[in-house]
Amino acid sequence: MYKTKLFKLSFVAALFAISFNGTAQINTPAPSPAGSVSATVGLTEIEINYARPQMKGRTIFGDGDVLVPNGQLWRAGANAGTTVKFSDDVKVAGQDLAAGEYLFLATPGASEWEVVFYTDISLGGNVAAYDDSKAALKAKVKSSKLTETVGTLTYNISDISENSENANIQLAWEKTAVNVPIQVSFDEAVMKAIAENTVVNPRNLMTAARYYYTADKDLDQALAWVNTYLATGDNSTQFWNVHLKAQILAKQGNKKEAIKVAKESMAAAKAFEAGDFGYIKRNEDLIASLK
């Protein structure tokens with residue numbers, strides 16, 4: 001009888017343990033926590049997902065007794081490696097790369113690294129199973145030395161150019177940084193959208209005009225779009241749009257007319273009860289630059 005009761009108690013305890021384990025768990029900090037970074041460059045979304053190992057007193061890059069030896073293919077992170085996703089076709093170090101998600105691998109060197117955008121994400125961190133035929137793109141990039149130590153592997157999308165066409169995917173760890181140049185293209189998509197949407201919604205004329213002004217395209221067309229829009233309704237009171245007209249005139253070299261229009265924009269900004277949003281100074285600065 002005693003043995004039977006003991007068996008039943010043990011059985012119930014086992015069931016309780018199984019039930020408890022199935023519903024409760026203990027969370028502790030991961031040795032290499034998850035990290036991600038994303039940015040829009042031009043119209044292209046770039047997203048990087050990776051695991052972030054720490055130095056923990058180790059020497060990371062170089063030759064000899066290091067964590068990631070020169071000349072050895074590396075998963076460029078920890079755990080399942082690092083992935084990079086592009087929403088549009090891009091150029092990487094001058095080479096074409098189709099839109100999509102890739103495993104990012106790297107082979108460090110003393111002053112130059114080889115980076116790989118790999119099509120088979122399921123490879124994860126198992127670089128021993130690397131198949132060169134699945135490399136969508138390989139490129140050589142220079143590494144540089146940092147003045148301060150980066151204790152945890154860090155990725156960034158940096159150095160976005162003023163024209164939004166160029167950026168770098170940056171890897172930094174220990175005292176080493178590697179920049180992988182990325183170039184995006186958006187002019188064709190913007191021009192198509194202008195052709196389609198300025199007809200549907202006249203407000204898009206201002207967006208089109210601003211793009212032409214910024215991209216140094218046909219300024220006569222940009223000015224025509226602004227004039228068409230300002231001629232409708234009470235849009236002449238929209239001093240921010242009038243200011244764009246002044247900017248276009250200034251870029252065309254028509255200083256006299258640009259100053260006149262800038263003064264109109266400034267007067268409207270001063271009269272706007274909700275505030276001038278900085279356009280009084282913008283117009284003052286534009287006028288000063290034309291004298």
Side-chain angles (χ1 to χ4, degrees), residues 30-39 41 44-56 58-146 150-158 167-184:
S32 299
S36 65
V37 61
S38 63
V41 181
T44 301
E45 297 288 341
I46 303 175
E47 180 181 345
I48 304 171
N49 289 287
Y50 64 112
R52 308 186 66 195
Q54 299 174 341
M55 287 180 63
K56 296 181 178 179
R58 300 172 296 185
T59 300
I60 306 302
F61 302 116
D63 295 308
D65 185 18
V66 298
L67 181 65
V68 184
N70 287 338
Q72 179 174 303
L73 185 64
W74 175 46
R75 56 187 165 175
N79 301 338
T82 298
T83 61
V84 182
K85 187 175 182 179
F86 302 101
S87 64
D88 303 295
D89 297 349
V90 297
K91 285 185 180 292
V92 177
Q95 302 179 52
D96 292 328
L97 183 65
E101 187 173 16
Y102 299 90
L103 194 65
F104 181 74
L105 306 172
T107 300
S111 60
E112 185 178 68
W113 287 35
E114 182 177 73
V115 296
V116 180
F117 289 81
Y118 196 75
T119 58
D120 184 5
I121 295 174
S122 67
L123 177 72
N126 184 23
V127 294
Y130 173 85
D131 180 352
D132 198 56
S133 68
K134 295 180 180 180
L137 183 147
K138 295 193 288 187
K140 298 288 183 67
V141 293
K142 296 294 183 182
S143 63
S144 59
K145 294 298 181 183
L146 300 172
V150 178
T152 304
L153 174 66
T154 301
Y155 279 89
N156 194 16
I157 300 168
S158 62
N168 286 320
I169 290 177
Q170 184 187 73
L171 176 158
W173 199 16
E174 198 179 40
K175 286 193 173 182
T176 296
V178 175
N179 289 313
V180 183
I182 306 297
Q183 182 179 3
V184 302

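These values consider heavy atoms only, across backbone and side chains, with no hydrogens, waters or symmetry-generated copies.
Here the straight-line distance linking atom CG of Leu103 with atom OG1 of Thr82 works out to 7.5 Å at 0.5 Å rounding. Atom NZ of residue Lys142 and atom CG of residue Asn179 lie 13.5 Å apart, to the nearest 0.5 angstrom. Note: Asn79 CG to Arg52 CZ = 13.0 Å, rounded to the nearest 0.5 Å. Here the straight-line distance linking atom CG of Leu97 with atom CD of Gln183 works out to 13.0 Å at 0.5 Å rounding. With values rounded to the nearest 0.5 angstrom, Leu153 atom CG is found 11.5 Å from Met55 atom CE. One distance of note links CG of Leu67 with CZ of Phe61; it measures 8.0 Å at 0.5 Å rounding.
Between the side chains of Tyr118 and Asp120, no donor-acceptor pair of N or O atoms lies under 3.5 Å.
Considering every non-hydrogen atom in both Pro108 and Gln72, the closest pair reads CD-O, 3.4 Å. In terms of heavy-atom proximity, Val141 sits nearest to Pro181 at CG1-CD, 4.0 Å. The shortest non-hydrogen separation linking Ala139 to Ala93 is CB-CB, 3.8 Å. When all heavy atoms of Gln170 and Ser158 are compared, the closest pair comes out as CB-OG, 3.9 Å. The heavy-atom pair separating Ala30 from Pro33 by the smallest distance is O-CD, 3.5 Å. Residues Ser143 and Gly109 come closest through the heavy atom pair OG-O, 4.3 Å.
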Which is it for Ile157 and Val41 under the side-chain contact (heavy atoms from CB on, under 4.5 Å) test, yes or no, and what are the steps along the way?
CA-CA 9 Å; Ile157 300 168; Val41 181; 4.2 Å; yes

For Thr176 and Lys145, run side-chain contact (heavy atoms from CB on, under 4.5 Å): C-alpha distance rounded to whole Å, both residues' side-chain angles, the deciding distance at 0.1 Å, then the answer.
CA-CA 5 Å; Thr176 296; Lys145 294 298 181 183; 3.7 Å; yes

Show, in sequence, the C-alpha distance, side-chain angles and deciding distance for Asp132 and Lys138, and conclude whether the side-chain contact (heavy atoms from CB on, under 4.5 Å) test is met.
CA-CA 10 Å; Asp132 198 56; Lys138 295 193 288 187; 2.9 Å; yes

From CA spacing to verdict: side-chain contact (heavy atoms from CB on, under 4.5 Å), Asp88, Val184:
CA-CA 8 Å; Asp88 303 295; Val184 302; over 6 Å; no

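Among residues two or more places apart in sequence or in another chain, the side chain to side chain contact (heavy atoms under 4.5 Å, CB included) test is passed with Thr59 by Val66, Glu174. The side chain to side chain contact (heavy atoms under 4.5 Å, CB included) search around Ala98 returns Asp89, Tyr102, not counting sequence neighbours.
Phe104 and Phe117 have their aromatic ring centers within a separation under 6.0 angstrom.
A distance-only check finds no donor-acceptor pair linking the side chain of Tyr155 to the backbone of Ile48 [under 3.5 Å]. Checking side-chain atoms of Glu47 against main-chain N and O of Ser36 turns up no donor-acceptor pair under 3.5 Å. Listed for the Thr154 side chain is a donor-acceptor partner under 3.5 Å among the backbone atoms of Thr152. Remark: side-chain polar atoms of Thr119 are not paired, donor with acceptor, to backbone N or O of Ala136 under 3.5 angstrom. Put simply, the side chain of Ser32 never gets that close to the backbone of Ala51: no donor and acceptor are under 3.5 Å apart. In this structure a side-chain-to-backbone donor-acceptor pair under 3.5 Å is missing from Trp113 to Lys140.
The environment of Asp131 atom CG is dense: over 12 non-hydrogen atoms of other residues, nucleotides or ligands sit within 6.0 angstrom.
Counting only heavy atoms from C-beta outward, the side chains of Leu105 and Leu123 approach each other to under 4.5 Å.
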